[in-house]
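Below, chains carry the letters A, B, ... as their sequence lines are ordered, and counting in each starts from 1.
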Amino acid sequence: MQRPKGTRDLFGEELASIRHVERTMSDVFKRYGYEEVETPAFEPLELFTKKSGESVVKQLYAFKDKSDRELALRPELTAPVIRLYISQLRSAPKPVKLCYFGNCFRYEEPQAQRWRQFLQSGTEIIGSAQAEADAEVIALSDEIMRELGLSDYELRIGHTRLLREVLAHAGVKGSAQDPIMRAIDSREEVRLRAELDCAQVKARDEKLLRSLIALRGSVKVLRQAEKLVAGLPKAKAALGDLHEILEHVRSFGAEKFTIDLGIARGLEYYTDLVFELYIDGVQVAGGGRYDELIELLGGDPCSAVGVGFGVDRIARALLGRGMIVPRERLDCVVLPAGEGVLSECLKIAGELRRVGLLVDIDLMGRKLSKAIAYADAQGAKGAIIVGTKDLKEGKVTLRDMRTGKQELVARRELVNKLKAVP
RNA sequence: GCCAGGGUAGUGUAGUGGUUAGCAUUCGGGACUGUGGAUCCCGCAGCCCGGGUUCGAAUCCCGGCCCUGGCCCCA
């Protein structure tokens, strides 16, 4: 039997790396005051089509259950978490700060760093329209990367409302902006030109737009952008928002970012701030503000900002750098030597495990020489050899697997003796 | 969905029409009936699936499945 296409079996170093990433994220989320939530792996199909339209159905694992309900495996976690908020937490004290981990599913062709089932994590701040909320989400993302030792990541920050206001000024309104936003996001000159022609954008506005999306760099580019949109108060306000967010980001202690006004995230639900995080050219996280999604999904209008992380991609980046998570070593392996000692071995293993030691025991009925080789192969620090003769005298042999030194220890002292060893 | 390159024991590989499909490693056992990492011996285990061509296919052809990567899109 083969695995379904685009899925993976996880074990060994790779799984250890993923768990390490999850643990680190979980710690940071908690430190920032987020509460963990978990939602079902499948949801009503509508939850995902509402925000992105029918076009996403072909990238969904959508199906009907035995009662003809239209369902889909979740392709991402923001919409389910927002659904949870609307149905269970709408009157919780604001802001509602949630974090989550979970598998997501997309029916796409697998390729590098892209699978049909993958792990996402993330956070959402629901109920705050303040710039400091946007800034906290960015600061948290920065902190996670630094905590993981991936401080050479690239953080790009942009603002979709800025671009949309410029388009609105040029006479392109509402959803007519979407194809243009996608073209901007693709960074393909030809495609953008075609879309702008199609929307009959005037040369002057096109020039303004092109100048804006080409802006990239430090806070200095905000000044240039301000000059460009001087005559457009709404666009200027969007820039002011971005400026304020970045001030707060710096106060939070995150200095390392690039302003990139060409980030559009066309298909997504982002309304204002947008940001993306890259490692070695691979996007590992993305986020932003989405002030319309909650209403779209049937809740009362409410602002929200959040970030999603590609857990597998981040774990892969760690492995790619040789940053392997050291495996916890067994404290000892209990080895029966001779007849009639097995039950005593099982008792010893139980006692040691109950005081928190990492203990294995030979379950293969091996002879002592093979059993010691097994203990060695498992990387155990020590072995406890339980022999017929020693046991009759109420003793067992304690062997240091590294040095090979052995000592006889009274059976009664064994637990305390081992507990004392660091 | 499309494009390119691939699929031989658990892992890594040799094998281009006729081989008991070889090697290394891993795993289990033994030499070594209470002492490991060495050595030697034994054992388990494989041609992705289905058709076709042929006296004969791991090998050639077709289809599918899966893998690696690219397009689209995205984590």
Side-chain angles (χ1 to χ4, degrees), chain A residues 1-9 11-12 18 21 25 52 55-60 74-78 100-122 141 182-183 185-188 191 263-268 276-279 281-287 306-317 333 335-341 345 362-392 395-408:
Chain A
M1 288 285 270
Q2 287 180 312
R3 262 174 288 143
K5 184 172 179 174
T7 61
R8 293 161 303 153
D9 293 314
F11 57 92
I18 286 171
V21 170
M25 286 180 169
S52 317
S55 65
V56 300
V57 176
K58 64 176 190 288
Q59 314 223 321
L60 284 173
R74 58 190 180 196
E76 52 97 32
L77 285 160
T78 297
Y100 52 80
F101 295 85
N103 274 310
C104 295
F105 307 83
R106 290 185 196 173
Y107 201 122
E108 294 181 292
E109 282 312 296
Q111 54 190 272
Q113 306 282 291
R114 196 162 151 201
W115 305 278
R116 288 187 171 183
Q117 178 181 335
F118 57 97
L119 267 167
Q120 243 189 24
S121 69
S141 307
R182 292 179 64 181
D185 196 46
S186 76
R187 293 175 197 270
E188 283 171 40
R191 189 169 156 188
I263 299 176
R265 313 223 93 196
L267 245 188
E268 304 259 0
E276 299 173 336
L277 234 140
Y278 292 82
I279 298 175
V282 177
Q283 192 184 342
V284 297
V307 57
F309 298 91
V311 174
D312 320 76
R313 289 183 176 183
I314 294 170
R316 182 66 66 103
V333 182
L335 310 174
E339 298 296 312
V341 295
C345 287
D362 176 55
L363 300 174
M364 293 287 286
R366 287 186 176 89
K367 288 180 182 163
L368 187 58
S369 65
K370 291 281 182 185
I372 288 179
Y374 171 74
D376 178 51
Q378 297 307 303
K381 295 173 194 162
I384 295 164
I385 299 165
V386 182
T388 322
K389 279 178 263 171
D390 297 343
L391 198 58
K392 268 183 193 147
K395 290 178 176 166
V396 295
T397 301
L398 208 57
R399 180 186 180 86
D400 183 316
M401 289 301 292
R402 195 173 56 80
T403 62
K405 280 189 184 147
Q406 300 192 168
E407 63 174 315
L408 270 176

Report the distance from atom [atom1] of [X] to atom [atom2] of [N], rounded to the nearest whole Å.
X        : N      : atom1 : atom2 : result
A:Asp400 : B:rG36 : CG    : P     : 15 Å
A:Ile314 : B:rA75 : CD1   : P     : 12 Å
A:Gln113 : B:rC72 : CD    : P     : 18 Å
A:Arg3   : B:rC66 : CZ    : P     : 11 Å
A:Arg114 : B:rC67 : CZ    : C1'   : 16 Å
A:Phe11  : B:rU26 : CZ    : C1'   : 13 Å
A:Asn103 : B:rA75 : CG    : P     : 16 Å
A:Met364 : B:rU26 : CE    : C1'   : 14 Å

Who pairs with [N] - Watson-Crick or G-U, where each distance is under 3.5 Å:
N      : result
B:rG34 : none
B:rC47 : none
B:rU59 : none
B:rU54 : none
B:rC71 : B:rG1
B:rU16 : none

Which side-chain N or O atoms in residues 102-111 of chain A pair as donor and acceptor under 3.5 Å with protein atoms at least two apart or in another chain?
unit_1: A:Asn103; atom_1: OD1; unit_2: A:Gln117; atom_2: NE2; d: 3.2
unit_1: A:Arg106; atom_1: NE; unit_2: A:Pro75; atom_2: O; d: 2.8
unit_1: A:Arg106; atom_1: NH2; unit_2: A:Pro75; atom_2: O; d: 2.9
unit_1: A:Glu108; atom_1: OE2; unit_2: A:Arg114; atom_2: NH2; d: 3.1
unit_1: A:Glu109; atom_1: OE1; unit_2: A:Lys5; atom_2: NZ; d: 3.2
unit_1: A:Glu109; atom_1: OE2; unit_2: A:Arg116; atom_2: NH2; d: 3.2

Heavy atoms only, 4.0 Å cut-off, all strands: where does [X] land among base, sugar-phosphate and nothing?
X        : answer
A:Gly286 : nothing
A:Gly6   : sugar-phosphate
A:Arg106 : base
A:Met401 : base
A:Arg8   : nothing

Contacts of type side chain to side chain contact (heavy atoms under 4.5 Å, CB included), residue A:Glu407, not counting sequence neighbours
A:Leu398, A:Val409, A:Lys417
Contacts of A:Asp400 meeting side chain to side chain contact (heavy atoms under 4.5 Å, CB included) (sequence neighbours excluded), chain-then-number -> A:Arg402, A:Thr403
Presence of A:Gln111 side-chain N/O under 4.0 Å of B:rG70 phosphate oxygens OP1/OP2:
yes
Does B:rC73 have its OP1 or OP2 closer than 4.0 Å to a side-chain nitrogen or oxygen of A:Arg116?
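No.
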When the [atom1] atoms of [N] and [M] are considered, how many whole Å apart are they?
N      : M      : atom1 : value
B:rA38 : B:rU59 : C1'   : 41 Å
B:rU54 : B:rU16 : C1'   : 16 Å
B:rA21 : B:rA45 : P     : 15 Å
B:rC49 : B:rC65 : P     : 15 Å
B:rA14 : B:rG7  : P     : 10 Å
B:rG52 : B:rU13 : P     : 33 Å
B:rC3  : B:rA75 : P     : 26 Å
B:rG50 : B:rC23 : C1'   : 31 Å

Protein N or O to nucleotides 40-43 of chain B N or O, pairs below 3.5 Å:
none

Tell me the closest heavy-atom pair linking [X] and [Y], and the distance in Å.
X        : Y        : result
A:Tyr100 : A:Gly308 : OH-CA, 4.4 Å
A:Arg3   : A:Asp9   : NE-OD2, 3.1 Å
A:Val341 : A:Gly387 : CG1-C, 3.9 Å
A:Gly122 : A:Phe309 : CA-CD1, 4.1 Å
A:Leu368 : A:Pro336 : CD1-O, 4.5 Å
A:Gly6   : A:Trp115 : O-CB, 3.2 Å

So do A:Ile385 and A:Asp390 actually touch side chain to side chain, heavy atoms under 4.5 Å?
no
When you compare the side chain of A:Val311 with that of A:Met25, does any pair of heavy atoms fall below 4.5 Å?
yes
side-chain hydrogen bond (donor to acceptor under 3.5 Å, both in side chains) pairs touching residues 365-375 of chain A, sequence neighbours excluded, are A:Asp360-A:Tyr374, A:Asp362-A:Arg366
Can you name the side-chain hydrogen bond (donor to acceptor under 3.5 Å, both in side chains) partners of A:Arg313, sequence neighbours left out?
none
Those residues at least two apart in sequence (or on a different chain) that pass side-chain hydrogen bond (donor to acceptor under 3.5 Å, both in side chains) with A:Arg8 are A:Asp312
Result for 5'-nearest mapping on RNA chain B, choosing between A:Gly365 and A:Phe309, is A:Gly365
Toward the 5' end of RNA chain B, by each residue's nearest nucleotide, A:Arg316 or A:Gln120:
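Closer to the 5' end of RNA chain B: A:Arg316.
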Shorter than 3.5 Å, N or O on both sides, protein versus nucleotides 32-35 of chain B: list them out with atom names.
unit_1: B:rG34; atom_1: O6; unit_2: A:Thr388; atom_2: N; d: 3.3
unit_1: B:rG34; atom_1: O6; unit_2: A:Lys389; atom_2: N; d: 2.8
unit_1: B:rG34; atom_1: O6; unit_2: A:Asp390; atom_2: N; d: 3.4
unit_1: B:rG34; atom_1: N1; unit_2: A:Asp390; atom_2: OD2; d: 3.1
unit_1: B:rG34; atom_1: N2; unit_2: A:Asp390; atom_2: OD2; d: 3.2
unit_1: B:rU35; atom_1: O2; unit_2: A:Arg399; atom_2: NH1; d: 2.5
unit_1: B:rU35; atom_1: O2; unit_2: A:Gln406; atom_2: OE1; d: 2.7
unit_1: B:rU35; atom_1: N3; unit_2: A:Gln406; atom_2: OE1; d: 2.7
unit_1: B:rU35; atom_1: N3; unit_2: A:Gln406; atom_2: NE2; d: 3.2
unit_1: B:rU35; atom_1: O4; unit_2: A:Gln406; atom_2: NE2; d: 3.4

Is there aromatic stacking of A:Phe118 on B:rA75 here, judged by a ring-centre distance under 5.5 Å and a plane angle under 30°?
yes
State whether the side chain of A:Gln378 and the backbone N or O of A:Ala380 hold a donor-acceptor pair below 3.5 Å, judged by distance alone.
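Answer holds: no.
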Using the 3.5 Å cut-off, write out each protein N or O paired with an N or O of nucleotides 2-13 of chain B and the distance between them.
none

